[in-house]
S.K.: 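Dropping the structure in here first, questions after.
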Amino acid sequence: MDMAEEKSHASSRFRFPFKPYSIQEEFMTALYNVLEAGKIGIFESPTGTGKSLSLICGALTWLRDFEEKKKLEAAQLFEDRAPQQGLSQELQNSTSVDCKKSEAKASGELDWITEFVQKKAERDLVDKLKDEELKRKRREERLEQMRNNVQLKYALKRKRDDNNDTERLIQMSGEVVTPEQASSTEILDGEDESFILADYESDDEKNPKDSSLSDEDDLEEEHVTKIYYCSRTHSQLAQFIHEVQKSPFGKEIRLVSLGSRQNMCVNDEVRRLGSLQMINDRCLEMQKNKHADRKRSDDEKESPKRKRKSRVTCPFYSHEQMQFLRDELLVEVKDIEQLVLLGKEMKACPYYASRYAIPPAQLVVMPYQTLLHSSTRLASGIKLKGQVLVIDEAHNLIDTITGIHSYKVTGSQLCCAHSQLSQYMERYRSRLKAKNLMYIKQILYILVNLLQVLGGKVGQNPNTQKIFQGGTELQSINDFLFRAQFDNINLFKVQRYYVKSMLSQKLFGFVEKYQVAASKPNDTQNQKGSKTAALENFLQKLNEKPTGQVAPHEQEQDLEKEQPVMASPMMQIERFLFALTSTNKDGRVVIQRQATVSQSSMKFLLLNPAVHFAEVVKECRAVVIAGGTMQPVEDFKDQLLLASGVSADRLAEFSCGHVIPPENILPIIVCSGPSGQQLEFTYQKRDKPQLLDECGRVLVNLCNVVPGGIVCFFPSYDYEKQVYTRWEKTGLLAQLEAKKKIFQEPKKANQVEQVLSEYSRCVQNSSQSAGLVTGGLLFSVVGGKMSEGINFSDDLGRCVVMVGMPFPNINSPELQEKMSYLDKILPKTGGTSPGKLLVENLCMKAVNQSIGRAIRHREDYATIVLLDHRYTRPSILSKLPSWIKGQTHAETSFGPVLKAIGKFFRDKKICGDAVE
């Protein structure tokens with residue numbers, strides 16, 4: 001088949017909503033072939049080329065063909081075995097055995113055993129296929145009934161309304177205890193068992209399955225072949241789902257969207273807690289209460305002498321209603337917002353209903369963290385065996401995996417956790433088993449030693465414990481364990497204890513409950529009388545601020561980096577200890593000492609992300625790693641795929657051009673400024689006044705010839721501030737403001753939308769009115785809020801300027817350790833060490849993301865100005881996206897640059913006038 005026939009074939013089989021571009025046909029064909037062959041594909045498709053729609057149509061077309069193929073194979077298998085269906089199982093077995101016995105006697109061999117096993121496997125396969133076919137038909141009939149049977153929907157709605165009326169009558173009769181009353185009762189009775197650790201079992205002991213979960217078993221179903229799609233943010237997932245809804249597959253595909261409890265919870269009492277950790281733990285606590293109440297109601301031998309306590313349960317955690325909601329999800333494609341609204345209407349939990357819908361779903365949409373973290377993946381019910389995985393916006397995939405599995409704890413958190421766990425142990429010592437006490441004491445010993453590594457002591461205020469020798473230290477895992485003096489403790493057993501006992505969750509709830517009681521001392525005194533003195537003393541110790549919080553005036557932090565104060569930091573410490581069970585070569589421990597112990601920290605740094613990604617590629621049938629700017633791809637191959645055990649012949653790479661014509665983009669490398677000053681923004685030279693002034697003169701000239709908006713990227717916030725201050729003193733800023741209104745990217749995320757709105761309004765007003773100000777000039781930062789995910793289309797980004805090369809800080813201990821690690825495990829490429837290539841790749845990934853903000857659709861046009869002569873180096877130039885690299889040219893003097901840019905926009909203006 002030649003190329004023309006292949007393209008014609010692609011157009012006919014892909015259900016695209018309109019006639020696709022040639023690059024879209026090529027993209028879908030390459031994607032289809034990767035999925036069919038079960039390979040690992042790296043796909044690059046620039047923004048504006050319909051990447052999402054191409055992914056949807058290409059992948060779902062393959063899934064449709066795959067399902068049809070499975071149906072045909074099953075039908076053929078049934079047909080081939082049809083003559084034998086009248087025989088009984090015993091007759092078939094005896095016939096097979098007799099035939100093979102006679103053959104064995106004739107040949108002198110016992111091959112009949114092998115054939116018997118093969119025939120049994122065939123029968124098992126047929127039985128399995130029959131079972132799957134029966135389930136599929138039942139599922140499709142149920143969903144079709146949900147789609148078309150309006151009476152069924154009204155019946156379900158009437159049932160929900162009846163349930164609501166019943167609950168309302170019960171509340172009016174005073175039989176329901178409010179959450180505040182229930183939590184107060186549990187605390188004051190002093191008999192609440194939700195925080196007591198259950199008998200810890202060894203590895204040889206098994207927990208019998210709780211009969212109270214039988215309803216959940218009814219919701220379980222065999223997983224069908226499906227596509228898992230993940231991206232970075234919920235907004236990107238919502239955008240993808242809307243593309244699915246508009247696609248030809250929107251009416252027939254069974255799609256499920258997964259999210260966090262923070263985004264999907266419909267219980268207002270839980271949502272108002274704010275913190276994700278608090279929401280998670282309250283949800284789990286309510287589930288446990290519901291199971292406990294159900295078990296207690298089924299137990300007819302309950303002692304009448306024991307006081308029965310009211311427990312808070314979630315009214316939305318109803319298995320029957322979640323089944324109805326699950327079916328509604330599978331009937332019609334819905335995003336998270338629509339799912340939440342439907343959950344409120346149906347009085348069912350969207351978080352769990354979406355997870356119950358995973359097995360029969362064909363397309364499951366979720367954020368990165370849900371899939372890339374193994375424990376989260378397991379808890380969500382995601383099974384990757386034999387499935388297809390599509391990772392979109394994957395340019396930061398390596399950093400994402402590294403960040404998910406790198407954990408940091410501070411001295412303040414260690415002190416807080418030690419104080420809380422000690423008080424927990426003292427309060428429940430008489431009710432804890434010996435093995436529980438042993439492990440709790442081991443954990444307390446670990447906490448003490450970790451704090452000593454930071455130079456602190458237990459029992460003292462971490463804010464007042466000064467450290468005279470600060471700095472950063474980096475150690476291997478083994479060296480750190482020896483230094484902390486708990487290398488003799490089996491961390492794997494401690495890890496299993498954490499998981500089975502749920503210690504972190506119990507400690508979290510324990511602290512949170514007593515903090516609630518501490519906020520109501522008057523009520524406690526009225527109800528407990530003489531017992532309040534001891535309780536108040538206990539609550540006061542539990543909530544002492546020095547053990548868990550740092551005074552605002554003692555540590556300045558960017559508001560965006562601040563995390564909500566957790567009731568207990570034990571969960572973060574638990575993750576850190578889990579990380580220490582990694583192999584010595586895969587990670588390092590970074591010890592950072594600040595002025596005080598509370599500000600000091602230790603962090604587990606993951607060096608080998610492939611160790612976690614290997615689980616994914618090993619189980620999946622095929623994996624697609626896609627993005628708008630994936631260059632350079634060497635990092636993905638070397639650090640992630642080949643290191644995960646993927647063979648080179650299983651890798652496939654595809655990169656398509658842009659839909660815009662070549663004349664719509666003008667990338668220029670500017671080597672020198674208007675006065676002849678060479679542009680080289682190295683760390684040693686970039687602070688020189690003459691270089692700063694030359695950069696300002698370049699921008700002044702660009703503002704004179706570029707219409708609309710100019711987006712100028714600086715390497716960091718500090719350098720942008722330094723440049724702005726210099727230009728303000730020299731008068732260059734006033735010259736810029738004469739042509740363009742200046743905007744600066746804010747550090748706070750909640751201010752970005754306002755700045756973008758003002759910038760957009762300025763550019764639009766300038767284009768509609770002829771005046772001295774011709775648009776806006778936006779100062780942005782590489783890797784900041786506006787370098788990814790922001791569209792500067794049309795007049796908002798007619799020119800993108802990159803000041804210098806944003807190399808990472810080479811003096812960072814973490815980066816140096818990563819470079820050293822790669823130098824040891826990877827060979828040199830063209831005489832360049834892997835560590836040096838890493839630095840170049842990090843720089844160019846950031847550049848490619850930033851300059852890709854301009855061209856956003858077929859009719860768009862823009863210039864890209866790279867201010868640094870180092871961009872002319874072949875090793876750097878080769879790392880630009882192919883659709884930009886082919887059009888890029890360098891100019892040694894500034895005159896031809898200005899002339900080329902002026903001609904570029906004059907031609908566009910003439911073309912625009914001609915069209916009008």
Side-chain angles (χ1 to χ4, degrees), residues 629 660 662-681 686 691-715 719-720 723 727 732 735-736 739-740 742 763 774-782 786-787 792 795-806 843-844 846-855 860-873 876-877 879-881 883-908:
T629 51
I660 63 170
E663 60 270 16
N664 277 23
I665 183 173
L666 180 62
I668 300 181
I669 301 173
V670 183
C671 299
S672 59
S675 66
Q677 171 76 38
Q678 187 183 49
L679 299 177
E680 183 178 350
F681 293 86
R686 68 180 188 177
L691 185 59
L692 298 179
D693 295 342
E694 190 76 346
C695 178
R697 286 189 285 268
V698 170
L699 278 181
V700 170
N701 281 275
L702 290 178
C703 288
N704 289 330
V705 296
V706 176
I710 298 178
V711 184
C712 182
F713 285 98
F714 293 92
Y719 191 65
E720 185 264 338
V723 171
W727 291 349
L732 283 168
Q735 296 181 43
L736 291 171
K739 281 292 184 179
K740 306 283 185 183
I742 297 177
V763 173
T774 60
L777 175 60
L778 178 60
F779 291 161
S780 300
V781 176
V782 177
M786 300 181 182
S787 62
F792 294 108
D795 284 343
L796 295 181
R798 290 304 181 196
C799 179
V800 175
V801 181
M802 179 64 61
V803 178
M805 300 185 67
C843 170
M844 292 310 297
V847 170
N848 293 339
Q849 280 298 310
S850 299
I851 63 180
R853 299 304 95 206
I855 304 295
D860 208 355
Y861 61 91
T863 62
I864 297 174
V865 180
L866 305 175
L867 297 184
D868 201 307
H869 78 94
R870 292 176 293 172
Y871 283 105
T872 60
R873 297 175 182 174
I876 298 297
L877 191 60
K879 291 179 171 62
L880 288 171
W883 62 280
I884 295 178
K885 178 173 55 181
Q887 305 296 320
T888 303
H889 66 279
E891 295 291 350
T892 56
S893 59
F894 188 72
V897 172
L898 205 60
K899 183 178 179 181
I901 294 176
K903 183 179 183 302
F904 176 82
F905 286 108
R906 284 196 300 272
D907 292 344
K908 294 303 173 187

S.K.: Return the set of residues passing salt bridge (Lys or Arg N to Asp or Glu O under 4.0 Å) with Arg697 (not counting sequence neighbours), or none when no residue passes.
M.R.: Glu694
S.K.: Looking only at non-hydrogen atoms, find the nearest pair between Leu880 and Met844 and report the distance.
M.R.: CD2-CE, 3.7 Å
S.K.: Atom CG in Asn701, atom CG in Leu898: separation rounded to 0.5 Å?
M.R.: 5.0 Å
S.K.: Would you give the length of the straight line joining atom CD1 of Ile665 to atom OG1 of Thr888, rounded to the nearest 0.5 angstrom?
M.R.: 7.0 Å
S.K.: Under the side chain to side chain contact (heavy atoms under 4.5 Å, CB included) rule, what do Glu891 and Val670 come out as? Steps first, then yes or no, please.
M.R.: CA-CA 6 Å; Glu891 295 291 350; Val670 183; over 6 Å; no
S.K.: Taking all atoms of both residues into account, what is the closest heavy-atom pair of Val763 and Gly776, and its distance?
M.R.: CG2-N, 3.9 Å
S.K.: Closest approach of Pro806 and Val847, non-hydrogen atoms and distance?
M.R.: CD-CG2, 3.5 Å
S.K.: Thr872 vs Leu877, test: side chain to side chain contact (heavy atoms under 4.5 Å, CB included). Steps then yes/no.
M.R.: CA-CA 6 Å; Thr872 60; Leu877 191 60; over 6 Å; no
S.K.: Mind checking the CE-CZ spacing from Met802 to Phe681? Nearest 0.5 Å is all I need.
M.R.: 12.0 Å
S.K.: Between Glu663 and Gln887, does a side chain to side chain contact (heavy atoms under 4.5 Å, CB included) hold up when you go through it step by step?
M.R.: CA-CA 9 Å; Glu663 60 270 16; Gln887 305 296 320; over 6 Å; no
S.K.: Please round to the nearest 0.5 Å and tell me the distance separating atom OG of Ser850 and atom CZ of Phe714.
M.R.: 12.5 Å
S.K.: Do Ser672 side-chain atoms and Thr892 backbone N/O form a donor-acceptor pair below 3.5 Å?
M.R.: yes
S.K.: Using modelled atom types and a 3.5 Å cut-off, is there a donor and acceptor pairing between side-chain atoms of Asp693 and backbone atoms of Leu732?
M.R.: no
S.K.: Could you report the tightest heavy-atom contact between Val698 and Gly673, atom names first, then the distance?
M.R.: CG2-CA, 4.0 Å
S.K.: Which pair of non-hydrogen atoms, one from Val800 and one from Ile851, has the smallest distance, and what is that distance?
M.R.: CG1-CA, 4.0 Å
S.K.: Is it the case that the side chain of Trp727 and the backbone of Leu692 share a donor-acceptor pair, with hydrogens and angles ignored and the cut-off at 3.5 Å?
M.R.: yes
S.K.: Identify the two heavy atoms, one from Val782 and one from Ala846, that lie closest to each other, and give their separation to 0.1 Å.
M.R.: CG1-CB, 3.4 Å
S.K.: So Val865 and Ile901, side chain to side chain contact (heavy atoms under 4.5 Å, CB included) or not? Walk me through it.
M.R.: CA-CA 10 Å; Val865 180; Ile901 294 176; 4.0 Å; yes
S.K.: Between the side chain of Arg798 and the main-chain N/O of Thr863, is any donor-acceptor distance below 3.5 Å?
M.R.: no
S.K.: Is there side-chain contact between Val723 and Phe779, with heavy atoms separated by less than 4.5 Å?
M.R.: no
S.K.: To the nearest 0.5 Å, tell me how far Lys903 NZ sits from Leu666 CG.
M.R.: 10.0 Å
S.K.: Could you give the distance from CG (Leu867) to CD1 (Ile669), rounded to the nearest 0.5 Å?
M.R.: 11.0 Å
S.K.: Cationic tip of Arg686 within the cone over Tyr719's six-membered ring, i.e. under 6.0 Å and within 45° of the normal?
M.R.: yes
S.K.: Looking at residues at least two apart in the chain, or sitting in another chain, which of them share a salt bridge (Lys or Arg N to Asp or Glu O under 4.0 Å) with Lys885?
M.R.: none
S.K.: Could you work out, with side chain to side chain contact (heavy atoms under 4.5 Å, CB included) as the rule, every residue matching Lys739, not counting sequence neighbours?
M.R.: Cys703, Asn704
